[in-house]
Amino acid sequence: MAAPVSLTVPDDSAGQRLDRVLARLLPEHSRSRLAQWMRAGQVIVNGRAVRPRHKVWGGEVIELVAPPEPSAGAYQAEDIPLEIVFEDDTLLVVNKPAGLVVHPGSGNWHGTLLNALLRHAPALAGVPRAGIVHRLDKDTSGLLAVAKTPAAQTHLVRQLQARSVTREYLAVAHGRIARGGRIEAPIGRHPVKRTRMAVVARGRPAVTHYQVIERYTDATLLRCRLETGRTHQIRVHLTEAGFPLLGDPLYPDGGRINNIPDTQLRGMINRLGRQALHARCLGFIHPTSGEYLEFTVEPPQDMQELLAYLRKGDLQQ
């Protein structure tokens, strides 16, 4: 907890509500935040907790103990298991499980990949963002590179900017897709639904290549290669193209799942509870040796089970 703040109500505040008085005395805090602290019993007037609408008359002593910001302590080491695919003195490559947030942020200040990395390699505390150079969505599994030095981080970021990093994903999309292709469409924040991204005219340039690997009765397994790395890029581009990912909770399929006659398959998709997307392959130039490295990991069990079931149906290469 932060140190208590002690204030005296000015005489010219007589008859006013406490939340209004505090908002004037502590302009660095919003009135809504101050009211929240009052309701939580963290504002004491003359020795007792009071509500926001409490009236003051001047001369009262106010004590406020503000709780720490949610982000305080976000960069703490936490004992979270990591699957290390490769590690040396310069970098490491991890296979991130679905459900693990990469970096602390609103609603996820702890329990992230960053917290796990700080426990695994404490020296990462001296590298910006604990060496993280690119991200995966919370419910996307697969490969991520982490730099262990600032110089290595800069080197990897420059490779990403030059679009020379190999990033290939496996994606299971709704419907039978006839052929592969290339999607070039700018991505930005959705104009109405702010938790989503969308193809928008003033968005940032984004390019996704996709190739058909297997076709099933009601779905298609795709290999997607990124030229750019925009937030939710594959999910947005494939949805825009008319074949959203199976199980995606943020970019819904417009009711397509209800049109799948196989009730068992519908149940599997619902149980998946996430987008059927996995970062399978990652390749880049090693920052110090100059050697090209490439790593591959197969999808986790939930996607493996979904694919195994789909392959029992009408499979065509």
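In this text the structure is predicted, and so the values were computed from the model without any measurement.
- Checking side-chain atoms of Gln304 against main-chain N and O of Pro299 turns up a donor-acceptor pair under 3.5 Å.
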Please table the atom pairs, donor to acceptor, closer than 3.5 Å between any side-chain atom in residues 6-14 and protein atoms at least two apart or in another chain.
unit_1 : atom_1 : unit_2 : atom_2 : d
Ser13  : OG     : Arg24  : NH2    : 2.4

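- When each of Leu246, Leu222, Leu170, Ile234 is tested with Leu277 by the rule side chain to side chain contact (heavy atoms under 4.5 Å, CB included), just one qualifies, namely Ile234.
- Side chain of Asn46 to main chain of Val61: a donor-acceptor pair is present (N/O by atom type, distance under 3.5 Å, no hydrogens or angles).
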Could you give me the CA-CA distance, side-chain angles and deciding distance for His54 and Asp19, then say whether side-chain hydrogen bond (donor to acceptor under 3.5 Å, both in side chains) is met? CA-CA 8 Å; His54 175 81; Asp19 56 353; over 6 Å; no
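- A tilted orientation is assigned to the rings of Phe86 and Phe295, their planes being inclined by 30° to 60°.
- Using a 3.5 Å distance cut-off with no hydrogens or angles, the side chains of His120 and Glu87 do pair a donor with an acceptor.
- In terms of modelled atom types and a separation under 3.5 Å, the side chain of Asp139 and the main chain of Ala98 share no donor-acceptor contact.
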Tell me, with the steps shown, if His110 and Tyr75 meet ring-ring contact (aromatic ring centres under 6.0 Å, His included). CA-CA 8 Å; His110 299 280; Tyr75 279 55; over 10 Å; no
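- Among the candidates Thr140, Leu136, Val297, the single residue satisfying the side chain to side chain contact (heavy atoms under 4.5 Å, CB included) test with His278 is Val297.
- Side-chain atoms of Arg230 come within 3.5 Å of backbone N or O of Pro205 as a donor-acceptor pair.
- When the shell of 6.0 Å around CZ of Arg179 is examined, it contains 12 or fewer heavy atoms from other residues, nucleotides or ligands.
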Arg256/Asp218 under salt bridge (Lys or Arg N to Asp or Glu O under 4.0 Å): CA gap, chis, key distance, verdict: CA-CA 10 Å; Arg256 289 190 182 194; Asp218 299 297; over 6 Å; no
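- Checked by atom type and distance alone, the side chain of Arg280 never pairs as donor or acceptor with a backbone atom of Glu298 at under 3.5 Å.
- Not one N or O on the side chain of Thr208 forms a donor-acceptor pair closer than 3.5 Å with the backbone of Leu226.
- The aromatic ring centroids of Tyr216 and Tyr309 lie 6.0 Å or more from each other.
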